Amino acid sequence: MTADVDVTEPPARAGELPRAAGPTNREALLVKLFGARRLTLGMTAHDRMWGWLGPLIVAVAAGLLRFWNLAHPHELVFDETYYVKDSWTLLNLGYSSEWPEEPNDRFEAGEVDIYTTDPAFVVHPLVGKMLIALGMAVGGAESSFFWRLVPALAGTLMVFLLARVARRLFASTAMGIVAGALLAVDGAGIVHARTALLDEFIMVFALIAFWCLLRDREQARLRLADKVSAILDAGGQVGRYGPRLGWRWWRFAAAVSLGLAVGVKWSGLYFLAAFALLSVLWDASARQRVGIKRWWEDAFLVDAVPAALIMLPTALITYVASWGPWFATQGGYLRQWAVENPGEGVTWLPAPLRSLWEYHVKMWNFHTGLDSEHTYASNPWGWLVQARPTSFYYRSFTEGENGCTTTKCAEAITSLGNPVLWWLATAALVATVVWLVVAKDWRATAVLVGLVGGWVPWLVTDRTIFTFYTIAFLPWMILAIVYVMTVLLERTEGRPDARAWVQWAIMATLVVIGGVSAFFYPIWTGWNVPYWFWHSHMWFQSWI
């Protein structure tokens with residue numbers, strides 16, 4: 001195998017690492033860099049088949065949960081009131097524009113073209129709204145199904161992707177399927193996939209970037225093993241510094257995806273910082289494992305500096321390019337600011353970029369000054385246990401109204417994660433931190449990086465924030481659970497009785513989580529249910 005071979009295309013078996021073969025030096029290096037378990041993943045036809053079929057099955061199940069009665073309710077739910085209408089005018093005008101007073105009832109009734117041409121000050125970038133607009137480009141804005149089409153598709157595809165990510169991360173097809181199944185049935189994932197909001201798209205691009213970095217880790221380590229083994233086979237020795245690894249296409253793709261995450265909301269910047277650091281730490285670990293003497297210096301000069309010079313400009317260029325519709329029009333908010341204010345702002349920038357900079361100054365001032373009270377505002381310390389979920393939609397009916405057959409009925413869409421799943425994930429995070437300290441397991445670092453990018457930054461903010469932001473790091477909460485399951489299975493190998501107990505515990509956990517999801521599904525999707533039934537789901541006063 002040459003140094004430039006891509007891990008995605010070894011001989012005869014696309015998508016899997018090659019069987020360790022060839023010179024003894026290379027075999028030993030591959031085991032050091034990947035571990036024996038990872039090298040055997042996908043070596044049987046049965047495993048390769050289930051590596052694709054299992055994720056596909058759980059994704060189909062997720063699609064059923066997300067697409068069933070997707071058009072209900074035919075109302076602008078929660079912040080759909082902003083994003084759906086902004087997306088519609090973005091599609092038609094190239095920028096988001098103002099609407100007349102109290103437009104929602106008319107919009108929901110099918111009067112979707114009552115917008116003005118006056119530009120609106122929109123406080124988030126364009127990528128998420130462009131994606132929502134794609135659905136309406138297919139079927140128009142008259143149907144709420146098409147408002148929510150792309151979020152539902154994205155939420156379904158992410159189940160498939162997480163299953164593939166977990167399979168690779170834990171070197172287990174079964175654990176990959178478990179991860180996909182957990183995402184398929186979680187309430188936060190279901191609610192966001194059925195609602196045209198932005199935060200799910202941060203998760204989408206962050207998870208895609210994470211997948212790309214996993215592939216980059218494998219490709220880089222294969223190249224390192226090839227080059228170092230070639231030195232050893234020629235009778236040389238590993239010196240103070242190691243070889244360069246060439247252009248990293250997977251890392252480049254991760255940077256593009258992270259630029260798009262920032263293009264959804266600026267909070268995507270946290271993922272960019274966390275993932276870039278993770279990638280460099282992986283490179284440093286690889287150089288240490290192959291015996292490079294000054295591995296820390298080598299990793300900085302050969303890996304970290306090029307990573308920064310590639311990832312940061314790539315993400316920035318992607319982000320600026322995502323403002324293409326705004327650049328392409330003359331009527332967007334502050335689009336003509338530079339022309340109307342010569343000599344002001346960042347004068348060395350071209351006029352369009354100077355206008356965009358001024359727009360961003362106003363966006364920054366809005367976000368840093370946002371401190372208004374809100375009924376569902378929440379403290380991020382309570383997010384992991386879903387202490388204060390966000391109610392997206394609630395309607396009550398008396399007997400005879402809207403098909404209500406009891407004294408009082410309710411319809412609700414509550415952005416509440418499966419409580420058992422989230423409570424177990426929180427406990428699993430503690431175990432993951434402990435195992436990282438004790439065992440220095442790289443997989444624990446990979447699991448925790450999603451929390452570093454998606455949760456930790458909110459702990460130090462003073463602005464008004466909400467529990468539904470947790471959708472951005474939901475995949476890593478699930479990976480924490482699956483990581484603990486994987487470690488327990490690994491530590492009971494060779495002990496049949498103990499391993500059987502672990503397997504039964506995993507199965508029982510999955511059954512309980514599935515049962516709880518079935519119980520909560522009606523209040524995740526706006527079923528018309530008796531009031532007592534809705535109230536039976538409000539386990540804590542803070543959930544109401």
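Worth saying up front: this structure is predicted, and the values here are computed from it rather than measured. The first residue in the sequence is number 1, and the count goes up from there.
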Checklist entry - Per the side-chain contact (heavy atoms from CB on, under 4.5 Å) rule, which among V452, V456, V449, L384 passes with F473? => result L384
Next on the checklist: I'd like to know whether the aromatic ring centres of H367 and H124 sit less than 6.0 Å apart in this structure.
Outcome noted: yes
Checklist outcome for this item: Sorted by chain and number, sequence neighbours left out, ring-ring contact (aromatic ring centres under 6.0 Å, His included) with F210 holds for F275, W476
Next on the checklist: Check R251 with D303, please: is the shortest side-chain N to carboxylate O separation under 4.0 Å?
Outcome noted: no
Next on the checklist: Is it the case that the side chains of W383 and S378 hold a donor-acceptor pair, with the cut-off being a distance below 3.5 Å and no angle test?
Outcome noted: yes
Next on the checklist: Tell me every residue that passes side-chain hydrogen bond (donor to acceptor under 3.5 Å, both in side chains) with T486, counting only those two or more places apart in sequence or in another chain.
Outcome noted: none
Item to check | salt bridge (charged side-chain N to carboxylate O under 4.0 Å, His left out) involving R217 - partner list, sequence neighbours excluded | outcome: none
Next on the checklist: Taking the six-membered ring for Trp, are W455 and W381 closer than 6.0 Å centroid to centroid?
Outcome noted: yes
Item to check | R443: salt bridge (charged side-chain N to carboxylate O under 4.0 Å, His left out) partners, not counting sequence neighbours | outcome: D441, E490
Item to check | For R388, side-chain hydrogen bond (donor to acceptor under 3.5 Å, both in side chains) partners two or more places apart | outcome: none
Next on the checklist: Applying side-chain hydrogen bond (donor to acceptor under 3.5 Å, both in side chains) as the test, list every pair that has at least one member in residues 195-205; sequence neighbours left out.
Outcome noted: D199-K265
Checklist entry - Any sub-3.5 Å donor-acceptor pair from R66's side-chain atoms to A184's backbone N or O? => result yes
Item to check | Plane angle bin for W458 and Y270 - parallel if under 30°, tilted between 30 and 60°, otherwise perpendicular | outcome: perpendicular
Item to check | For T390, all residues meeting side-chain contact (heavy atoms from CB on, under 4.5 Å), sequence neighbours excluded | outcome: F78, Y376, F392, S415, F466, T467, F468
Checklist outcome for this item: S517 meets the side-chain hydrogen bond (donor to acceptor under 3.5 Å, both in side chains) criterion, sequence neighbours left out, with N418
Next on the checklist: According to side-chain contact (heavy atoms from CB on, under 4.5 Å), who are the partners of Y241, at least two apart in sequence or on a separate chain?
Outcome noted: R294, E297, D298
Item to check | Salt-bridge criterion met for R223 and E218 (N-O under 4.0 Å) | outcome: no
Item to check | Electrostatic pair R167-D47, nearest N-O below 4.0 angstrom | outcome: yes
Checklist entry - Can you list the residues that meet the side-chain contact (heavy atoms from CB on, under 4.5 Å) rule with A253, with sequence neighbours excluded? => result C212
Next on the checklist: Tell me whether the NZ or CZ atom of R289 lies within the 45° cone about the ring axis of W295 and under 6.0 Å from its centre.
Outcome noted: no
Checklist entry - What residues form a side-chain hydrogen bond (donor to acceptor under 3.5 Å, both in side chains) with W323, not counting sequence neighbours? => result Y319
Item to check | Set of ring-ring contact (aromatic ring centres under 6.0 Å, His included) partners for W282, sequence neighbours left out | outcome: W442
